[in-house]
Each structure stands twice: as C-alpha cells, then as structure tokens.
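Note sheet for the following structure.
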Amino acid sequence: MLLSGPERVASPAAPPAASPAASPVQTPASVPAPERPGRAARVLRAGRRHLPGLLLAVVGVALAWAVHALLPAVPMLTAAVVLGIVAAHLPLVSGYVRGSARPGLSMAGKRLMRVGIVLLGLKLSLGDVAGLGWESLAMVAGVVLATFFGTQWLGRKAGLSGDQSLFVATGYAICGASAIGAVSGVLGKGQDAAAERRRESDMAASIALVTLCGTLAIAVLPLLKGPLGLDAVEFGRWVGAGVHDVGQVVATAQTAGPAALTEGVLVKLIRVAMLAPLVAGVALSRRRGAGSAPAGGRRPALLPLFVAGFLAMVALRSTGLVGNGVLDVADTAQELLLAAALFGLGSAVHLPTLSRSGARLALVGLGSWVLVAGASYAGVLLTA
C-alpha cells in the first residue's frame, strides 16, 4: 500500500553528495598544528628531568662539608670532586649516577659552576685584574698555542686519528670537556653512520682522559708547589695556565690560599676567552683543507656569558658599594655552588671508558699534560 504525507517511507537510495562548502573534511593545510607546550610546562618538565641529579649533588655537598669538618686539612671542594668520582663507580649508586641523575649532574657541572664563578668575581677588584699585566696575557697565549699544536703533533706521531688528536689538544689547551664539545660542533657530519659513531667514541674517550687528568691535577699539583719553589701567586698562575677545567682550577688553586685562587681564576678566564678564536680557526682550517662544512647551530660567543658576569662582579666590587655582609653571603653561596658543580664534574669521570680507549691515547694525554704543565711553569718563571 502506498503511503503519503508524513507516513511516507524515505527511499533507501544513497544520500545526495554534500557540497564542498558543507564538507566536514579538512584539507592538510587547514589542519591545526599541534599546540606547543607552554613555557611553564616546559620549565616543569625540565625541572623534573634535572631534579634527581641536583638532589644527588646536594647530598654530595653535604658529605663534602662533613668530610671537611672532620678533616680540616681536606678542602671542601677537593672532597666534592673525590666524592663525585666515588659515586660514579660505587656499585649501588653508579647506575643512578649514569641514568636518571645524569642530566641534573651535568647541569650542576656546567650551570652551577658558571654561577659560582660569577660570584667569585666579588672577591676581586679592577686593580687586581690590572696587576696581571700584558706579560700574563702573552704567557697564556703562548701556553695555549704550544699545547694545542704540540699535542696534535704528539697525536700524529702516536698514530691517533685527526679528530682524536684535535679533541685532546683542544681540551688540554683551553677548558677541558666544554672546549671539546665546542670544537666537535664545527667539524661537520661524518661521511657515513660508522664514521659518525667513531667520532662520537673518540670524543667520549678524549673527554674522559682530559677530565681524569684535570681531576688528578687537584691532588698532584699542590704536592709540587714546594719542590718547584713557587709562592702562592706563582702557584695560582701556574694552575690557571695549566689545568684544564675552570672548576678544577678552583679546586687546585684554593689549596694555596686566597691569593693563589685569585690569580688562578683570572689566568684561567683568559684561557676561556680564547676558546672562540681557536674554534673559529679550526672551522676555517677544516673548510679550506678537508672541505667539510661546519655543523649547524650557533657559534661560541666571543665572550662567554659567565665570563661577562664575572667581570661585571669585579667592576661592582671595585666601586666599593658592596657591604661586607653581602660579600660574606656571596662567599658562602659561591663555595656551595662550586662544591655542587665539582661533585657533578667528578661524577662524569668513567675509568672503564678511559681504559678501553687504548694505550696510545693515554700516552698522548700524559705527554700533553706534561707539555701544558711545563709550558705554564716556564711562562710563570718568565713573567715572575
């Protein structure tokens, strides 16, 4: 029976095609991009990632303070470095140190160190800086050049690869692991995945070697102060010109007192400021010689930000406007920050990695260590 009006049954035929304007399907261009997490969310995520390592660094500082309290002859900063190395190799802790705690410990070794160095500037005045003289500038430049080119020569004689020799030379000549990382950023990509893995392995072994030798300098160099006939100021300059990392300079020089620490940090910062021209020279040499394009990313700043902050604090101290109470608080904060940074730095030493890198690399590293120490000692004697 046929139905009419409202009782009519709809036809089962296919519905009419929708017009383009009414289509719910969006073209790829109209699909909204996924929203980026807000700044607060990114900060929270980074905080969670770094928190385990920072908490471990706090524990390391507390233990270093306890060691210094029980054994006053052991400086707090030296104890922090040793405890970091112990933590990196202690069976029950090493997995945590190299796992979830690694980001925070790495940040402590870099960021907290730089903040501590900035605060260290409040111990100095422009009169102290001017007292270095052009002779010290020339001495540091000579040490850097002799170490850089001399170490590469030793590497070639020992049969090391070009990159490995370059990494070791840069780390010993300028500022340890950070200099190696800066140079690696301008070498360009390897020819294939295997070459890239070899370069990463060479870089890791070089960092381990330079870090170990710099850490050993904290214990070895103070023992040589008397036999070499160095006073506090000369010892500080020797340490600043010959020890690789800023934190290691602080830990080594402070064993001879405030005057040695002041001279050591000033001379070391001159070396740090030479990182940018050295890296630029390496990049230029690679482009001309091997034709490799530099890796993308920013170039190292001509004056690193923490060095600029250090100089700003020196200028502030020179005005005489900073009261003794503020200086005391800054001094305490600086020591705690440096202790946390040195604990993180010590935790980066991995002795098995160094042992697997081969006797030739270790021999070149030892030769470079003797070279930079000898050149620095000669420079100190010439400028005394």
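- Placement of Val380 and Leu382 in two distinct hydrophobic clusters is found when ILVMFWY residues are connected by side-chain heavy-atom separations under 4.5 Å, directly or transitively.
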Donor-acceptor pairs under 3.5 angstrom involving side-chain atoms of residues 216-235: please list them, not counting sequence neighbours.
residue : atom : partner : partner atom : Å
Asp231  : OD1  : Val233  : N            : 3.2
Asp231  : OD1  : Glu234  : N            : 2.7
Glu234  : OE1  : Asp231  : N            : 3.2

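- Rounding to the nearest 0.5 Å gives a distance of 12.0 Å between CZ of Arg317 and CE of Met313.
- Counting all heavy atoms, side chain and backbone alike, Ala80 lies closest to Ala339 at CB-O, 3.4 Å.
- Not counting sequence neighbours, Thr255 has no partner by the side chain to side chain donor-acceptor pair (under 3.5 Å) test.
- Under the side-chain contact (heavy atoms from CB on, under 4.5 Å) criterion, Leu154 pairs with Val364, not counting sequence neighbours.
- Every residue two or more places apart in sequence or in another chain that forms a side chain to side chain donor-acceptor pair (under 3.5 Å) with Arg102 is listed here: Ser106, Ser347.
- Here the side chains of Leu337 and Met113 are not in contact, with every heavy-atom distance at 4.5 Å or above.
- Put simply, the side chain of Lys157 never gets that close to the backbone of Gln152: no donor and acceptor are under 3.5 Å apart.
- With rounding to the nearest 0.5 angstrom, the CZ atom of Phe310 is 5.0 Å from the CG atom of Leu269.
- Side-chain heavy atoms closer than 4.5 Å link hydrophobic residues (I, L, V, M, F, W, Y) into clusters, and following such links, even through other members, never connects Leu63 to Leu55.
- No donor-acceptor pair closer than 3.5 Å links the side chain of Ser285 to the backbone N or O of Gly281.
- Listed by chain and number, the residues in a side-chain contact (heavy atoms from CB on, under 4.5 Å) with Val58 amount to none (sequence neighbours excluded).
- The two residues Val243 and Gly214 have their closest heavy-atom pair at CG1-O, 4.4 Å.
- Note on Leu77: it does not cluster hydrophobically with Leu83, by side-chain heavy-atom contacts below 4.5 Å among ILVMFWY residues.
- With Leu327 as the fixed residue, the side-chain contact (heavy atoms from CB on, under 4.5 Å) test singles out one of Val322, Thr332, Leu119: Val322.
- Not a single ring pair (Phe, Tyr, Trp, His ring centres under 6.0 Å) links Phe343 to another residue, sequence neighbours left out.
- Arg271 meets the side chain to side chain donor-acceptor pair (under 3.5 Å) test with no other residue; sequence neighbours excluded.
- Under the 3.5 Å distance criterion, the side-chain polar atoms of Lys268 are matched with a main-chain donor or acceptor of His244.
- Considering only heavy atoms from C-beta on, Leu209 comes within 4.5 Å of Tyr172 through its side chain.
- Within the structure, every pair that satisfies the salt bridge (charged side-chain N to carboxylate O under 4.0 Å, His left out) test and touches residues 323-334, not counting sequence neighbours, is listed here: Lys123-Asp331.
- Rounding to the nearest 0.5 Å gives a distance of 4.5 Å between CG of Leu137 and CD1 of Ile270.
- Annotation for Val249 and Gly264: closest pair CG1-O, 3.6 Å, computed over non-hydrogen atoms.
- Every side-chain contact (heavy atoms from CB on, under 4.5 Å) that Val67 has, sequence neighbours left out, goes to Val74, Ala79.
- Leu105 is not connected to Met107 by any chain of hydrophobic side-chain contacts under 4.5 Å among Ile, Leu, Val, Met, Phe, Trp and Tyr, and they are in different clusters.
- Looking at heavy atoms from C-beta onward, Leu361 lies out of side-chain contact with Phe167 at the 4.5 angstrom threshold.
- Both Leu120 and Leu316 are members of a single hydrophobic cluster when ILVMFWY side chains are connected at heavy-atom separations under 4.5 Å.
- In the hydrophobic clustering, Trp65 connects to Val61, Met76, Leu336, either directly or through intervening members, whenever side-chain heavy atoms lie under 4.5 Å apart.
- Annotation: the span from Phe148 atom CZ to Leu371 atom CG amounts to 12.5 Å, rounded to 0.5 Å.
- The minimum heavy-atom distance between Ala340 and Ala108, with the atom names listed, is O-CB, 3.9 Å.
- Across every non-hydrogen atom of Val372 and Gly242, the tightest pair is CG1-O, 3.6 Å.
- From Arg360, atom CZ reaches atom OG of Ser165 across 10.0 Å, with rounding to the nearest 0.5 Å.
- A distance of 12.0 Å separates CG of Asp163 from CD1 of Ile180, quoted to the nearest 0.5 Å.
- Not counting sequence neighbours, the partners of Arg49 by the side-chain contact (heavy atoms from CB on, under 4.5 Å) test are Pro103.
- Taking the side chain to side chain donor-acceptor pair (under 3.5 Å) definition, one finds that Ser368 meets it with Thr151, sequence neighbours left out.
- When all heavy atoms of Leu275 and Cys175 are compared, the closest pair comes out as CD2-SG, 4.3 Å.
- For the side-chain contact (heavy atoms from CB on, under 4.5 Å) with Leu261, the lone residue among Thr252, Val239, Leu266, Val250 that qualifies is Val250.
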